[in-house]
Amino acid sequence: MFAIANNCDNLSFERGDFTNWTGKTWLHFYTEILNPATGIEPGRHTIMSDTTAYDNNTGGKLKIVPPGHTHSARLGDAVNGCLSESLSYTLTVDSTNALFIWKFAVVLQDPLHDHLADEQPRFKITLEDQDGNIISSCSQYDVNAAEHIPGFQNYYPDGFSRDSDNVTMIVWRDWTTAAANLMPFYGKKVTLTFTSEDCTKQGHFGYAYFVAECHPMQISVNYCKDDTDARLEAPEGFSDYVWTPGNIKGRVLTVNNATLGNQYNCSFNSVMGCQVELSASIVRTTPNASFKCLLLDAQNRTYKFINTSTTSNGTISDFTWNFGDGTSSFDPNPTHTYTSAGIHHITLEIVSSPSGCRSSQSLDIDDKPAVPLSINGDPSFCHGQNTTLTANGRIRYHWSTGETTQSIRISKSGSFFVVGWKENGSKDTAFVKVKEKTLPTVSITGSKILCRGNSTILTAKGADTYTWNTNETSQSINVSAAGIYSVTGITTEGCKSDVVSTEVLQESEWKPGITGDSLFCANATTTLTASGAAAYQWNNGSSSQTITINTEGTYIVTGTNKNGCKAQTSMHVSKIPLPEVNFRLTPDKLDLRNPVISGDITTKDDINYEWLLGDGTVTNSSTFTHKYNVSNSGTGYTITLNAVDQYGCANSFTKNIVLDLKVPNVFTPNNDGYNDTFMPNYDLQIYDRNGILIYNGNQGWNGTYKGTKLDPDAYFYLLRYIDTNNIAQIKKGCVMLVR
């Protein structure tokens, strides 16, 4: 049993990683060293944690983690190559860690032939001082794969033997403990390095497992209270232990009927041959286990156990607590919560190191359900108010405010506590945090003007619930009468706001106006303009202030003022028919022989007429008779009547009067160049008095029939043409042929 050593953190890989270890890798190819690198390489530096697993390459005989440890490191792997790797640990030597112990196991594939010794798989342990010097050859270990290595075993996979396949042979060494005395290097740094290498020809592998630990370099004296015999124990990891006086062999010496102060010496050797001598005196170690318990939380039955143990020699290395409910702890000062009330038997056992002497103490605690010290009352209050806190469960109280009454009034936020005394004089403390709650800030929104015939909605904001002076508790209320309305807001925490009021006024009577002509001519429009409001809406769908219309009817505008109130105004608009202008003409054609035309129209009151007769003549009566100065070459005239009524509505109508076609009643086809052809350029038919058609064409008749000149006589004509008004006309008559 040894004391806990310093400066040895994770030396045995107890963290489950490579903290404080330095890894290196390289390739050893024949005589060359290639690709050296510093750092942990997964697969080549591996933490082993399965304490039940065995190495397959040893036939399942080698455990990968040694007994008594939770982890080990594997250096290298079972893959053929020329890989080399190392792991190093450096510590500063002092009195607590001068005994350096390491345990290792080696697995090497033996080539058996064609390899020189330095070409074979290899495992090496070196111990160096801070200057890189080897610390004594007896602390080093170096082995190459080969048959019959001392301490190694051979393994052949099932179905193979050395004779059948000499390449698959495995030589391996089971866990071996070695140690070194580092006291000569007190205060200095030393470095322990493990190295594994495959064969340099890339054909065979080598790897190893190892852990390390450090302890004080001393003899453990186990001579406890009431012992008559003393047990002296030398450090493990060595061999050839010899005790003097008595020349007794073995790592452990039992001294019967030991005498205090007697001195004993022990000499021993490390596995690698280093010799060490230590001495120790018989001293009695008397540990005294003791503890006290503190109730942390009575309601949850949580206790703090405080170790107060002592020992006459060495240090206390182990603490074992049994809480009496089937649970335990190894913490020097544990905290434990019981799941049920009752009497609990607690035991603490301690071990003094390095002697291994033990001591224990037991204590019963009665964990009856207790009335907890509590603080009741609302731990919050609204601004400007206060709250009452009341302590319960004890016979006497003292508050952090200095008051000693059971109840106190608090009017500020903060943390408060009360100390309460039980009947047995013990005391405990309860805490409470008091919060000052903010009052809500309430406002009222909504129109404050009450439109005539309507209501308005008032809405409160800023709180969670509301109370109006109308006794309504909704957030919004519908108001139909002028007056003052007030509301109080309340938060979910119960804080009330100040009373907020608003006045609703009744709007004075008003309505919009409409300007514009209520009469308009049938062929025109009229414009109506609304006024007296902020916005407008017409019954024809327009929302502009002004509308232009061409349809008679009643037009209604709804005005909205700046307060949002609405009112209506209407105007009826009538359409005025246009004056009648469809006049009559007599005759409807202008005769050249008597070029007189008369016109008239049915008159109405308050209408002014104007005739434009087409030859510059203008007359303003309702009728006219006019004689034109015409010639046969004229085409006709355009007559227009303009009428305007009393409202200014105007209308006009136009007719074209054409000259009646002048047809000669005599023609003389005697080739004198005058009147030789009858009515050329017209659709003409000529009949004799017997009704025989003697001409049909539009070149004009030359007085012949089938090339023969006809005799003078009366002939009948039928003439078709289109007049200047684009009207088809037929004219019939008689013409006299004269030769």
Side-chain angles (χ1 to χ4, degrees), residues 375-390 401 403 407-416 432-514 530-539 542-545 556-570:
I375 299 176
N376 299 326
D378 189 350
S380 62
F381 62 92
C382 300
H383 177 73
Q385 301 178 14
N386 54 56
T387 186
T388 298
L389 300 179
T390 301
T401 60
E403 297 166 275
S407 297
I408 62 172
R409 298 185 71 82
I410 299 295
S411 59
K412 64 178 182 179
S413 60
S415 296
F416 301 88
V432 67
K433 189 171 184 179
V434 178
K435 172 186 175 184
E436 181 180 5
K437 298 180 289 190
T438 304
L439 298 183
T441 301
V442 175
S443 61
I444 300 176
T445 60
S447 176
K448 308 304 188 296
I449 301 297
L450 190 62
C451 302
R452 292 194 173 273
N454 292 325
S455 60
T456 185
I457 295 177
L458 300 180
T459 299
K461 294 183 178 180
D464 298 300
T465 59
Y466 305 90
T467 300
W468 296 82
N469 61 345
T470 61
N471 294 325
E472 295 170 275
T473 57
S474 57
Q475 184 175 3
S476 298
I477 60 172
N478 196 312
V479 174
S480 58
I484 295 176
Y485 294 87
S486 60
V487 67
T488 300
I490 306 172
T491 65
T492 54
E493 296 178 325
C495 293
K496 289 186 178 181
S497 70
D498 296 331
V499 177
V500 178
S501 301
T502 188
E503 184 176 8
V504 176
L505 302 175
Q506 181 68 56
E507 185 190 41
S508 58
E509 190 171 356
W510 72 283
K511 70 176 182 177
I514 299 177
S531 61
Y536 305 91
Q537 184 65 50
W538 295 85
N539 61 339
S542 175
S543 59
S544 62
Q545 185 175 2
I556 303 171
V557 66
T558 300
T560 303
N561 65 13
K562 63 181 180 180
N563 297 320
C565 297
K566 299 180 183 295
Q568 288 185 343
T569 300
S570 64

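Within the structure, salt bridge (Lys or Arg N to Asp or Glu O under 4.0 Å) pairs that include any residue of residues 476-495 comprise Lys435-Glu493 (at least two apart or interchain). Among residue pairs with one or both ends in residues 467-492, none qualify as salt bridge (Lys or Arg N to Asp or Glu O under 4.0 Å); sequence neighbours excluded. Listed by first and then second residue, the disulfide bond (SG atoms under 2.5 Å apart) pairs that reach into residues 440-499 are Cys382-Cys495, Cys451-Cys565, sequence neighbours excluded. Sorted pairs that involve residues 495-504 and meet side-chain hydrogen bond (donor to acceptor under 3.5 Å, both in side chains), not counting sequence neighbours, are lacking altogether.
Taken to the nearest 0.5 Å, the CD atom of Gln545 stands 9.0 Å off from the CH2 atom of Trp538.
Every side chain to side chain donor-acceptor pair (under 3.5 Å) that Ser542 has, sequence neighbours left out, goes to Ser544. Partners of Ser380 by side chain to side chain donor-acceptor pair (under 3.5 Å), not counting sequence neighbours, listed by chain and number: Asp378, Lys437. Residues meeting the side chain to side chain donor-acceptor pair (under 3.5 Å) test with Ser531, sequence neighbours left out: none. By the side chain to side chain donor-acceptor pair (under 3.5 Å) test, Ser474 is found to be paired with no residue, residues two or more places apart in sequence or in another chain being considered. Residues meeting the side chain to side chain contact (heavy atoms under 4.5 Å, CB included) test with Thr388, sequence neighbours left out: Thr390, Ser407, Arg409.
Put simply, the side chain of Tyr466 does not reach to within 4.5 Å of the side chain of Ile477, judged on heavy atoms. Annotation: side chain of Tyr485 is not in contact with side chain of Ile444 (no heavy-atom distance under 4.5 Å).
Taking each heavy atom of Pro440 and Ala463 in turn, the nearest pair found is CB-CB, 4.1 Å.
Distance alone, capped at 3.5 Å, places no donor-acceptor pair between the Lys412 side chain and the Ile410 backbone. With Gln506 contributing its side chain and Leu450 its backbone, the two residues share a donor-acceptor pair below 3.5 Å.
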Review item, side-chain donor-acceptor pairs of residues 453-462, under 3.5 Å, at least two apart:
{"residue": "Ser455", "atom": "OG", "partner": "Asn478", "partner atom": "OD1", "Å": "2.7"}
{"residue": "Thr456", "atom": "OG1", "partner": "Ser447", "partner atom": "O", "Å": "3.1"}
{"residue": "Thr459", "atom": "OG1", "partner": "Ser476", "partner atom": "OG", "Å": "2.7"}

Test Ser415 against Lys433 for side-chain hydrogen bond (donor to acceptor under 3.5 Å, both in side chains), laying out the working first.
CA-CA 4 Å; Ser415 296; Lys433 189 171 184 179; 5.3 Å; no

